[in-house]
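Here's the structure we're looking at; comments come further down.
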There are 2 protein chains.
Amino acid sequence: MTGRLPHSLRSDALDNRERILDASRALFAAEGLDVSMREIARRAGVGPATLYRRFPTKQLLVTEVFTDEMHACHAIVEEGRADPDPWRGFCLVIERLCELHARNRGFTDAFMSAFPDAMDFAAGREHTLASIAELARRAKATGRLRPDFVLDDLILMLMANRGIHATSTATQITASRRFAALMIRAFQAP
Amino acid sequence: MTGRLPHSLRSDALDNRERILDASRALFAAEGLDVSMREIARRAGVGPATLYRRFPTKQLLVTEVFTDEMHACHAIVEEGRADPDPWRGFCLVIERLCELHARNRGFTDAFMSAFPDAMDFAAGREHTLASIAELARRAKATGRLRPDFVLDDLILMLMANRGIHATSTATQITASRRFAALMIRAFQAP
DNA sequence: ACGCTAACGGACGCCGCCGTCCGGTTGGCT
DNA sequence: AGCCAACCGGACGGCGGCGTCCGTTAGCGT
């Protein structure tokens, strides 16, 4: 999945790898993608060389870390699509997506291709967006979603959602929820 | 206004001061507040020492640079308040405010108190927000603005607007305009 | 138990920014 | 014209991040 096989790694190496990923997850979620490699290594209790040996590029580390979140994205969209009421499903997707991104600053950066050449991500992103587009088409058919809604509006929303910062995670999520509610109202047909 | 009197400055010093402010304006608008002092000095064609001599703190430079924008903010809100139709005025304020912030990344950072101790700014900000609140009250009375609108929603909007980035300024403004339109729909009473 | 090799991390050189100091320059007043 | 103080900017030491090298450690297979 990453090109680097975790097999054929010595036990201590594997252990360090895990610690690096844990540290990355925590730091990326809290601070975004622009944490220094050094800081990740420190947090993981590992020398810089070890970090670079396992993940020569920050890019590789990022894609590895956010594979789960990417799957979560898919899952959210699929759940929305499975809803018998497309508009309800659409709203659910928006709410959940905003919360996911609010919980994980780094994932938003990655999703918005802060790393322009994260091809793995771009592919997953496009697939997710296409699914949302399909859901939006059905939601429009019910007359609840504005006919002039375009996919760019959703991207705009995610970009905007990224701008919302707060001191605590709890406040952050509350604010993001409020924002999602506003956007849903904006997307609703008059 | 800044504590540093531009009077009693030698002509060359005054000239450099102007060049520093110009460079800062350009860089802050384009890149936000996190440009290095060095870069500002380079852009202004001035040594680092000169920059620090004139503005010992980045904070001082920022407040000086964005005084104009702060006034523009006031003006926008006052114009909105002057509109005989409060809802129309409210919408105008939102559109103009979004555009102003879209044109100037650094100002948004400053306005959102990226510098937590920019007291001058905080005061101006609070005054502006209070004016908007008054306008909102009247707009609610007309029944066009949602009764549950709160000032935090506007701050949320500005934070969100900051998240919208684009490669070119033109695209940026287009996106921001679209966003403003969405938010207005969100704020409109059902 | 032993040895081989993967894996470790401290240390290195490089770079850019920070805020400051100081010897040279220049504007402005007499 | 000549002086003096205000002003200039190159240069400095400190810090932190970058990616890499290499001497040492310790997992694992026999």
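We name chains A, B, ... by the order of the sequence lines, and we start the count at 1 in each one. Just so it is clear, the model here is predicted, and its values are computed rather than measured.
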Between B/Glu39 and B/Arg10, who's closer to the 5' end of DNA chain C by nearest nucleotide?
-> B/Glu39
By nearest nucleotide on DNA chain C, pick out whichever of B/Ser36 and B/Ser11 is the more 5' one.
-> B/Ser36
Taking B/Ile76 as the fixed residue, which of B/Leu97, B/Thr128, B/Ile132 is the one that meets the side chain to side chain contact (heavy atoms under 4.5 Å, CB included) rule?
-> B/Leu97
Counting any heavy atom closer than 4.0 Å, what does A/Ala49 reach on the DNA or RNA strands: base, sugar-phosphate only, or nothing?
-> base
At under 4.0 Å between heavy atoms, what does A/Thr50 touch on the DNA or RNA strands: base, sugar-phosphate, or nothing?
-> base
Could you check B/Pro48 against A/Arg38 and say which one's nearest nucleotide on DNA chain D is further toward the 5' end?
-> B/Pro48
Start and end of the DNA chain C segment that chain B contacts, any atom under 4.0 Å from a heavy atom | C/dC17 to C/dG28
Assess whether a salt bridge exists between [X] and [Y], defined as any Lys/Arg side-chain N lying under 4.0 Å from an Asp/Glu carboxylate O.
X	Y	answer
B/Arg25	B/Asp22	yes
B/Arg17	B/Glu64	yes
A/Glu39	A/Arg43	no

In whole Å, I'd like the distance from the [atom1] atom of [X] to the [atom2] atom of [N].
X	N	atom1	atom2	value
B/Arg42	D/dC8	CZ	C1'	18 Å
A/Tyr52	D/dG19	OH	P	4 Å
A/Asp34	D/dG17	CG	C1'	13 Å
A/Arg53	D/dT20	CZ	P	12 Å

Could you work out which one of D/dC8, D/dC18, D/dG9 sits closest to the side chain of B/Asp12?
-> D/dC8
Would you call the rings of B/Phe111 and B/His101 parallel, tilted or perpendicular if under 30° counts as parallel and over 60° as perpendicular?
-> perpendicular
Describe, in one word, how the ring planes of B/His71 and B/His74 are oriented to each other, choosing from parallel (under 30°), tilted (30 to 60°) and perpendicular (over 60°).
-> perpendicular
B/Arg138 side chain vs B/Arg81 backbone, donor-acceptor pair below 3.5 Å | yes
Check whether any side-chain nitrogen or oxygen of B/Asn16 sits under 4.0 Å from OP1 or OP2 of D/dC8, and answer yes or no.
-> yes
